[in-house]
2 protein chains.
Amino acid sequence: MKFFEKLENVKKCPVSYVLAVQDTLNAFHGKWKMPIIGTLLFGKKRFKEIEREVRKITPRMLSQELKDLEVNGIVTRTVYNTTPVTVEYELTPSGRELHHVMESMITWGLQHRQTNIMETLPALNMPKQSA
Amino acid sequence: MKFFEKLENVKKCPVSYVLAVQDTLNAFHGKWKMPIIGTLLFGKKRFKEIEREVRKITPRMLSQELKDLEVNGIVTRTVYNTTPVTVEYELTPSGRELHHVMESMITWGLQHRQTNIMETLPALNMPKQSA
DNA sequence: TATACTGCTATACTTAAGTATATTGATATA
DNA sequence: TATATCAATATACTTAAGTATAGCAGTATA
């Protein structure tokens, strides 16, 4: 992915890249997909487990978002014929790959906080000059 | 960033990582921030230039989003005393660093499309077995 | 004088996203 | 019988996000 090394050449930005970014943003779209994917990165879970782990989510939103993630090939849904019924949600291989995106987000977020703290409160981060 | 190598250890997920991801999502939040940042990655631009390059955006949204990006330390705003007035918007160093996140999104998006095409239409991607 | 440019802001509106609360059916437990 | 579990769905509602349209001040050109 060397594209952004030659940013000045606008014409080299292919439509497929724009679509790719849109797909990725879509995967995280809204308030709840990131925490749902986040919790599923630790392993497959049942509906109620996710509901408990993703604080404050309503079953309506969880149901809706899981459906969305399923049709987008990020999550699989498996029903087991138990009583009461067991439904397991698991990230697809592609879904698991999202951790790379998350990592780049963590890296940028941490970096950005550092920078902004330094800009806002430089004194706190500068070594004190002795008199 | 070796954290996700030990995903099973939930306790090791620090709050700072969650905040970092939220900050990053916030940087891209909404319909317009990504295209605005995208166009500014190619160099600093004036208000009307951005308005022309980011198709269908209204001045209201552009103004609002630029303000948002400015207070979040992603864009700088410089006013030149010309007639008519010139206002230049430029990514901060931190803003420019977002291209790493974009690249990871491009990578995932392209990969994900590939995977989904292969799952939906496997025949198209399988070498034909000769009779 | 009329028009155009710049970088916006104001007002009113529509659409999308999210919340609150109740309910379902099949089964198990107290 | 009453209550609880699971995995949801239904309905009504609120809030957030985005759109449409018009207008401003200052200057410059036709």
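So you know, we letter chains A, B, ... as the sequences are listed, proteins then strands, and number each from 1. Note that the structure is predicted; figures quoted are calculated from it, not measured.
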Write down the distance between [atom1] ([X]) and [atom2] ([N]), rounded to a whole number of angstrom.
X        : N       : atom1 : atom2 : result
Leu62(B) : dA20(D) : CG    : P     : 15 Å
Arg52(A) : dA7(D)  : CZ    : C1'   : 12 Å
Lys45(A) : dA7(D)  : NZ    : C1'   : 17 Å
Glu51(B) : dT9(C)  : CD    : P     : 13 Å
Leu69(A) : dA8(D)  : CG    : P     : 13 Å
Phe47(B) : dC5(C)  : CZ    : P     : 15 Å
Glu53(A) : dA7(D)  : CD    : C1'   : 16 Å

What nucleotide among dT9(C), dA8(D), dG7(C) has an atom nearest to a side-chain atom of Arg77(B)?
-> dG7(C)

Per-nucleotide protein contact along nucleotides 18-30 of chain C, 5' to 3', at a 4.0 Å heavy-atom cut-off (B base, S sugar-phosphate only, - neither), is SBB------SS--

Taking 4.0 Å as the cut-off, does a side-chain nitrogen or oxygen of [X] come that near to OP1 or OP2 on [N]?
X        : N       : result
Lys33(A) : dA17(C) : no
Ser63(B) : dT9(C)  : yes
Arg46(A) : dA7(D)  : yes

Separation of Leu98(A) CG from Leu91(A) CG (nearest 0.5 Å) | 7.5 Å

With a 4.0 Å cut-off on heavy atoms, is Tyr80(A) in touch with a base, just the backbone sugar-phosphate, or nothing at all?
-> nothing

